[in-house]
Amino acid sequence: MPSTIIQDINQHNFHEVLKPTPFHPRVDHDCLTKNWMDWNGYLTARTYDTLAAEYFAIRSSCSVMDLTPMGKYRINGPDANKFLNRLVTRDVSMLRPQRVSYVVMCNDEGKVLDDATIFHLNEGDYRLCCQHHQLDWLMISSLGMDVSIKEETHDIAALAVQGPTSASALKLAGIDEIGQLKPYDILHTQLHGFEVMVSRTGYTGDLGYELWTSPDNALSMWDAIFEVKQKGFYDIRTIGLSALEMVRIEAGFILPGDDFNTAETAIRADRVRSPYEVGLGWVVNLDKPNFTGKRALLDEKKKPIKRRLLRLEVSGNKAPQDSFLYAGKGGKRIGTIMTQIWSPILKANLAMADVEFAGGSQPSEIWAEIYYQKELEWRVSWAKGKVWNKPFWSHPRRSASPPDSY
Amino acid sequence: MNQYDAIVIGAGHNGLTNAAYLAKAGLEVLVVEKNDYIGGAAVSRELHEGWIYSSCSYVCSMMRQAIHRDLNLTKHGLILVPYLGNVAFGDNGETLVGYTDEEANYNALRKISPHDADAMFRLHADLARYAQLIRKTLLRTPPDPTSFRPRDVNELLWFAKQFWGLGEKELYEYIRFFTMSAADYLEDYLENDLIKATMASAGIIGTALGVYSPGSAYILLHHVMGDVDGNIGAWGLARGGMGAISQSLAGALQESGGEIRLNAGVRKILVKKQKAVGVVLENGDELYANIVVSNLDAKRTFTQCMDEDDLPPGIFKKAKNFKIRGSSGKVNIALSGLPKFNGVPNNRYVNRGGQAFVGSLETMERAYDDWKHGCWSKDPFIESVIPSAWDPTVAPPGKHWMSNFVQYCPAELADGPWTPEKRNTFGQIIVDKIERYSPGFRELIVHMEVRTPHEIEAEVGLTEGNIFQGELTIDQLLFNRPFPGYAQYRMPVKNMYMCGSSTHPGGGVSSACGANAAREILMDLRLGNTVPDDDFYDE
Ligand SMILES: Cc1cc2nc3c(=O)[nH]c(=O)nc-3n(C[C@H](O)[C@H](O)[C@H](O)COP(=O)(O)OP(=O)(O)OC[C@H]3O[C@@H](n4cnc5c(N)ncnc54)[C@H](O)[C@@H]3O)c2cc1C
């Protein structure tokens with residue numbers, strides 16, 4: 001039997017449709033637009049003031065985002081490693097303590113449930129961070145294993161500190177060892193007398209860190225970072241989910257639930273996707289003795305691929321929002337734009353596109369039919385797409401060690 | 001090697017853009033630059049250790065996005081980061097805070113004048129209507145109205161269609177607009193002097209006109225028609241200073257195999273049998289090319305780098321009379337801390353924007369009077385920005401630099417030539433004025449670079465220090481730029497072209513002149529056009 005789940009049993013307050021995070025007093029004060037949205041049941045800022053400023057905080061200076069709502073699960077016990085290695089398609093058996101790995105989880109049919117990161121906090125003690133609620137699946141997957149699984153989303157307050165000056169700012173905030181962290185490293189340290197964990201991880205494709213602490217210390221952690229700004233050293237800005245959406249697409253990261261349906265929520269049979277179909281073939285290790293979904297993926301690998309989530313640059317400056325995709329101007333319909341942004345850094349429309357691969361191969365041409373409005377008049381235009389096999393944007397500072405100072 | 005397919009004279013951002021497109025099309029291209037650095041007026045220079053000044057231009061809003069993307073300038077290091085607000089200071093210490101956010105801006109205006117806050121919507125719609133017409137022409141070669149070649153006729157028809165599209169009433173308004181002064185034009189909309197003065201200041205920048213001079217309304221348009229990511233009228237900073245634009249263009253050029261030679265000033269363009277065949281450098285070296293492109297202003301190109309005998313009659317005189325009066329100075333100041341301004345809220349928008357010391361319409365007009373009398377303005381208009389407030393790469397952490405664009409400052413003084421002493425006096429006037437609004441400012445100063453039109457001409461080679469390589473008045477715009485009959489980048493001797501801001505669409509860091517000239521050259525060489533169309537937000 002899996003061990004017991006420790007749940008927050010506080011009485012539910014029905015006024016509180018969305019739950020504030022431990023940073024809420026600061027977030028609320030800083031958020032001028034009051035443009036709230038829901039993220040995993042939490043009250044989250046979509047933007048704080050100006051989207052462009054938030055975007056460029058990530059790409060040009062230093063940004064801070066409240067990461068608390070991300071699904072977090074603490075996993076330990078004798079079978080913890082075995083459990084995780086069976087849960088995900090990548091081989092994480094050798095993941096060293098104080099290291100992080102990006103993974104994907106599939107169901108038995110080899111369809112993607114979610115992507116995730118595994119933090120090996122200390123020997124035998126792991127944190128799994130997911131986009132969606134996964135406790136149910138984790139419990140099902142742990143049958144027969146000696147492992148403890150605890151939902152700790154509410155118990156850990158986390159901030160993402162990302163951008164070219166993030167290392168410099170965090171150093172000034174009091175994290176002296178920040179320079180030693182290589183990408184995917186974890187550091188346990190003290191900040192103003194309380195414990196924080198720092199990982200060199202993020203969803204921006206830029207230099208950046210994530211800071212984790214107990215909710216009691218949340219505000220002190222926030223203040224320690226923003227003190228660097230108050231003292232006039234670096235421009236540090238809070239960013240909301242809209243800016244994050246822009247940079248994650250630029251960096252080529254997928255968003256389960258937006259770019260494709262996650263397997264446990266799909267009702268229609270054709271709405272689910274395999275890791276190969278969403279471009280995550282590189283995290284599938286078919287040589288691993290066994291993992292959930294392996295048999296199905298072995299089968300799938302033998303057949304021509306049916307469709308792919310592509311990174312598509314769409315020409316021109318009209319947003320290809322929800323556009324249908326065609327094999328030629330006015331040709332056969334072959335797909336849909338799933339998510340898209342204007343990239344201020346690349347001056348281009350970037351999109352994640354779900355595209356059919358007839359006969360297993362990528363269409364030679366992809367055109368988007370774009371509807372857009374000018375002064376309340378609808379217009380239509382066609383724009384050609386260009387497929388990117390690499391992320392749209394990457395910068396050497398993301399992985400430079402020691403990190404650059406700006 | 002001394003034989004090239006094309007030689008571009010001057011590594012200003014337009015010269016580099018032009019060269020990049022020629023190299024991309026497979027030509028062997030050499031850029032020869034007189035300075036030991038590239039960029040011309042789009043330059044970043046470390047004149048004091050740790051501080052990087054955008055010595056000349058400081059704000060980016062005209063840069064053609066289509067070229068940025070097409071030449072992959074991001075890969076070569078270019079990032080443009082937008083402003084969020086600005087603050088204007090009146091004569092008596094009153095302030096006007098502006099926000100790029102429309103609602104926030106409305107509320108800020110309303111505090112000063114509820115009427116003007118409302119009228120601003122009408123003003124912006126009218127300006128947007130005029131601006132979209134001009135904006136559409138930026139990446140196009142102006143037609144020759146006297147020619148019957150199909151391309152010119154088609155292009156003229158296109159122009160006519162755009163203009164008739166305005167409707168009869170608006171067309172008349174538009175024509176009137178071209179001849180008006182900024183102050184008179186704004187009179188139709190606004191009542192508050194500080195708001196008017198702030199808006200009108202855009203009508204004098206880089207121009208030897210005052211807020212009440214006819215023609216300044218158009219200049220106003222020139223300064224509000226740029227965009228950043230489709231936000232019309234928005235302004236941005238280039239991360240690392242304006243030199244980042246030139247560096248990224250040089251990166252694109254070199255990636256295509258182009259070459260840049262520094263400390264290689266051109267003394268003469270070589271002409272044989274009415275054909276340009278190469279250049280002679282200051283050091284006497286002769287370099288040959290099938291195509292010679294000048295990035296220098298029209299006056300300098302013809303009156304200093306060519307012999308009158310090599311040119312068809314009339315051109316020399318036209319060049320001599322080309323209107324290129326200098327009227328601006330630039331003071332770059334390294335600061336040990338962030339200055340605080342009286343009456344300005346410490347907020348995240350304003351902290352990331354410009355400061356405009358406008359005074360009032362009258363103060364600006366008096367400032368112009370001083371210039372007319374051959375003296376710098378005693379109470380000048382200053383447009384400032386502190387880029388280090390949001391660009392971490394241009395000053396040490398916690399330290400700052402302030403860019404101050406000053407009007408007016410003449411190229412020639414009534415009381416004899418410029419001297420270092422006079423230059424310092426001019427610099428002190430700027431510091432004194434800022435100190436009035438920011439007590440303690442003087443104590444923050446670590447280093448200062450004062451540039452009058454005299455320095456701008458000496459260093460960048462902009463004749464008389466005119467920042468736009470020629471004034472942006474109607475007689476020198478579109479098919480009249482630089483001279484009627486020569487607006488299509490081809491010059492009076494064969495195989496010679498111009499690509500600097502003296503050509504359409506004129507001054508500002510836009511890359512448009514360089515790209516338009518490249519399009520014409522590639523067409524003449526029958527290489528096929530590779531210069532992209534502009535990104536239109538209006539269509
Ligand atoms: C003080 C100042 C402030 C400005 N502010 C702004 C601003 O904020 N925003 C904006 O958009 N625009 C601004 N401008 C205008 C803008 O900078 C110019 O219009 C633009 O940079 C001109 O670019 P260009 O390539 O056409 O010519 P230039 O930059 O003038 O380039 C000409 C090049 O030719 C070189 N050269 C000259 N003579 C010779 C020779 N004989 N041989 C070889 N090389 C030679 C010069 O050194 C220079 O590198 C400003 C200009 C100045 C001077």
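Naming convention: chains lettered A, B, ... in sequence-line order (proteins, then strands); numbering from 1 in each chain.
Residues A/N317 and A/N349 bring no donor and acceptor atom of their side chains to less than 3.5 Å of each other. In this model, a donor atom of one side chain and an acceptor atom of the other lie less than 3.5 Å apart for B/N516 and B/R519. Side chains of B/S248 and B/H76: no donor on one and acceptor on the other come within 3.5 Å.
Each of B/N231, B/L80, B/L338, B/D101 has some count of heavy-atom pairs under 4.5 Å with chain A, and the biggest count is that of B/L80. For the set A/S343, A/A53, A/S61, A/P164, the count of heavy-atom pairs under 4.5 angstrom toward chain B peaks at A/A53. Contact count versus chain B (heavy atoms, under 4.5 Å) is highest, among A/R237, A/K231, A/R379, for A/R237. The candidate from A/L172, A/T50, A/T165 with the greatest count of non-hydrogen atom pairs under 4.5 Å with chain B is A/T50.
Evaluation of the salt bridge (Lys or Arg N to Asp or Glu O under 4.0 Å) rule for A/D404 yields no partner, not counting sequence neighbours.
Relative ring orientation between A/F23 and A/W222 is described as tilted, the plane-to-plane angle lying within the 30° to 60° band. Note: B/Y130 and B/Y174 have parallel aromatic rings, judged against thresholds of 30 and 60 degrees for the angle between ring planes. Aromatic ring orientation, B/Y99 versus B/Y349: perpendicular (interplanar angle above 60°, classes split at 30° and 60°).
Using a 4.5 Å cut-off between non-hydrogen atoms, the part of residues 59-71 of chain B that approaches chain A consists of B/Q65, B/H68, B/R69.
Partner A/D206 forms a salt bridge (charged side-chain N to carboxylate O under 4.0 Å, His left out) with one of A/R59, A/R200, A/R248 and no other, that one being A/R59.
Only the side chain of B/R352 has a heavy atom closer than 4.5 Å to any heavy atom of chain A.
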